[in-house]
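Numbering of ligands and ligand atoms starts at 1, following listing order. Positions are given from 1, in the same order as the sequence printed here. Excluded from the calculations below are hydrogen atoms, water molecules and symmetry mates; all remaining heavy atoms, backbone and side chain alike, are included.
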Amino acid sequence: MTKAPQGPGAGRFCIVLAALTLLVGCGGAGPRVSNDGRVAEAPKEYSREDALRMIRSSEGRLAPVYGPLAEQLVDDLDLGGKTGIGIDLGSGPGTLVIELCKRTEMHWINADINPHFFPFFLQRAEEHGCGGRVSAIQADAQALPFRDDYADVIVSRGSFWLWGDKVAAFGEIRRVLKPGGVAYIGRGLSANLPLEVAQAVRGGRGEGPQYDVAATAQELHAIMKSLRIKDYRVIRPRLDNEAGVNYGVWVEFRKSRGG
Ligand SMILES: C[S@@+](CC[C@H](N)C(=O)[O-])C[C@H]1O[C@@H](n2cnc3c(N)ncnc32)[C@H](O)[C@@H]1O
């Protein structure tokens, strides 16, 4: 098994490795060792084709989703006029990052396991005037490459169902959040997305994603319990709406100031 680099040169090694990963365009995500010594499972390779497929969805069927979601996040998490660091974990094309960038003064990081998204993302950010306020870093949610207490906000849409060890990943999110920082993680749509738009988004994909929303909500409760996170809420937007559209499920939690 590959060992994480140790010693004084390790930081430089990681930077060179990250740069090479982006230049060569390979997945390159081997096993990672988190701060407390846990070794995450080596993730499967994520390809350029995966990235292109998701980019197409984000520009097509899913395009109406990101603006309202960003608006809701700014309102719910009180981000208007706020500075600091935000991370979108599993951001992929980074559309949510760009929408958040437009609505806040924060620096936003696209942290995704698949680096093939990054050239597209950085170009889009530049085109939208966000170039100086975004970054991209290859990151596995299960072993995040950020120091403790780094980020003010961590968001994620449509990614957590792909994280093999969700307890490890949510533990990492809590570790990286600043005390008092907030995370908003989930899949689906925001409550402010009009029903007819949500129907069109879901309709473009037959029955929509096949997963049990109630079971996923229970899973999120169980993860919070196992991490002893008390300050949280599981959100099921527009549950039981008249059209029966699946708006998904989210969890919002805060890192307590005590650690
Ligand atoms: C369905 S896409 C959603 C992309 C984006 N959040 C959106 O809503 O447009 C899932 C994303 O999660 C990323 N991903 C999957 N496993 C991951 C992991 N372990 N750590 C970080 N990102 C991951 C994928 O590369 C992909 O970009």
Side-chain angles (χ1 to χ4, degrees), residues 18 21-22 25-32 34 38-70 72-73 86-101 108-122 124-125 134 136-146 151 153-173 175-176 183-190 193 198 201-202 204-205 208-211 216 223 247-250:
T21 300
L22 285 175
C26 66
R32 284 178 184 270
S34 60
R38 277 178 294 108
V39 179
E41 276 293 295
K44 72 175 166 110
E45 294 294 304
Y46 284 85
S47 68
R48 195 178 298 277
E49 287 64 41
D50 290 333
L52 290 175
R53 208 173 310 117
M54 187 60 218
I55 288 168
R56 275 197 295 275
S57 291
S58 71
E59 291 182 319
R61 181 179 63 85
L62 290 173
V65 165
Y66 303 98
L69 175 58
Q72 175 130 19
L73 288 169
I87 297 172
D88 181 10
L89 193 46
S91 185
T95 321
L96 181 59
V97 163
I98 291 169
E99 294 298 332
L100 285 165
C101 209
W108 286 95
I109 301 172
N110 176 340
D112 198 286
I113 203 165
N114 186 344
H116 294 294
F117 285 108
F118 298 159
F120 166 85
F121 162 65
L122 294 170
R124 285 287 306 279
V134 301
I137 184 163
Q138 187 182 19
D140 181 350
Q142 299 160 106
L144 291 174
F146 303 107
V153 181
I154 300 181
V155 301
S156 179
R157 176 195 174 275
S159 185
F160 81 89
W161 62 285
L162 295 163
W163 304 342
D165 185 342
K166 294 187 187 57
V167 173
F170 278 88
E172 280 291 90
I173 291 169
R175 177 184 69 74
V176 169
Y184 199 103
I185 313 291
R187 59 189 300 184
L189 314 172
S190 49
L193 193 73
V201 168
R202 291 303 198 199
R205 195 172 165 181
Q210 300 301 300
Y211 66 97
T216 309
I223 293 168
Y247 270 71
V249 57
W250 304 80

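- Residue D112 has at least one N or O atom closer than 3.5 Å to an N or O atom of ligand 1.
- By the criterion of a heavy-atom distance under 4.0 Å, the backbone of S91, and not its side chain, is placed next to ligand 1.
- Against a heavy-atom cut-off of under 4.0 Å, F117 is close to the following atoms of ligand 1: 25 (O), 27 (O).
- E172 contributes a side-chain N or O that, together with a main-chain N or O of L144, makes up a donor-acceptor pair within less than 3.5 Å.
- Between Q138 and P145 the shortest heavy-atom distance is O-CG, 3.8 Å.
- Under a 4.0 Å heavy-atom criterion, T95 is not in contact with ligand 1.
- Set against the non-hydrogen atoms of A141, the atoms of ligand 1 under 4.0 Å away are 18 (C), 19 (N), 20 (N), 21 (C).
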Derivation of the side chain to side chain contact (heavy atoms under 4.5 Å, CB included) call for D88 and L100: CA-CA 10 Å; D88 181 10; L100 285 165; 5.5 Å; no
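- S91 places no side-chain N or O within 3.5 Å of a backbone atom of N110 that could act as its donor or acceptor partner.
- In this structure, of Q142, H116, R157, the residue bringing a heavy atom nearest to atom 6 (N) of ligand 1 is R157.
- For ligand 1, the atoms sitting less than 4.0 Å from at least one non-hydrogen atom of Y66 are 7 (C), 8 (O), 9 (O), numbered in the order shown with element in parentheses.
- Contact between A139 and ligand 1 is present, with at least one heavy atom of the residue lying under 4.0 Å from the ligand.
- Below 4.0 Å from some heavy atom of G158 lie the following atoms of ligand 1, by number and element: 1 (C), 2 (S), 3 (C), 10 (C).
- Shown in contact with N114 at under 4.0 Å from a heavy atom are these atoms of ligand 1, numbered in order with element: 25 (O).
- With sequence neighbours excluded, no residue satisfies ring-ring contact (aromatic ring centres under 6.0 Å, His included) with Y247.
- Ring geometry for W250 against Y184 counts as tilted: the plane angle lies between 30° and 60°, on a 0 to 90° scale.
- Shortest non-hydrogen contact noted between A136 and L122 is CB-CD2, 4.4 Å.
- Geometrically, ligand 1 and G90 share a nitrogen or oxygen pair separated by less than 3.5 Å.
- Considering all non-hydrogen atoms of both residues, I185 and I154 come closest at CD1-O, 4.0 Å.
- Near D140, with a cut-off below 4.0 Å to any heavy atom, the atoms of ligand 1 are 18 (C), 19 (N), 20 (N).
- When each atom of ligand 1 is checked for a heavy atom of G92 under 4.0 Å away, the hits are 27 (O).
- Scanning all heavy atoms of the two residues, the minimum distance from G94 to F121 falls at CA-CD1, 3.6 Å.
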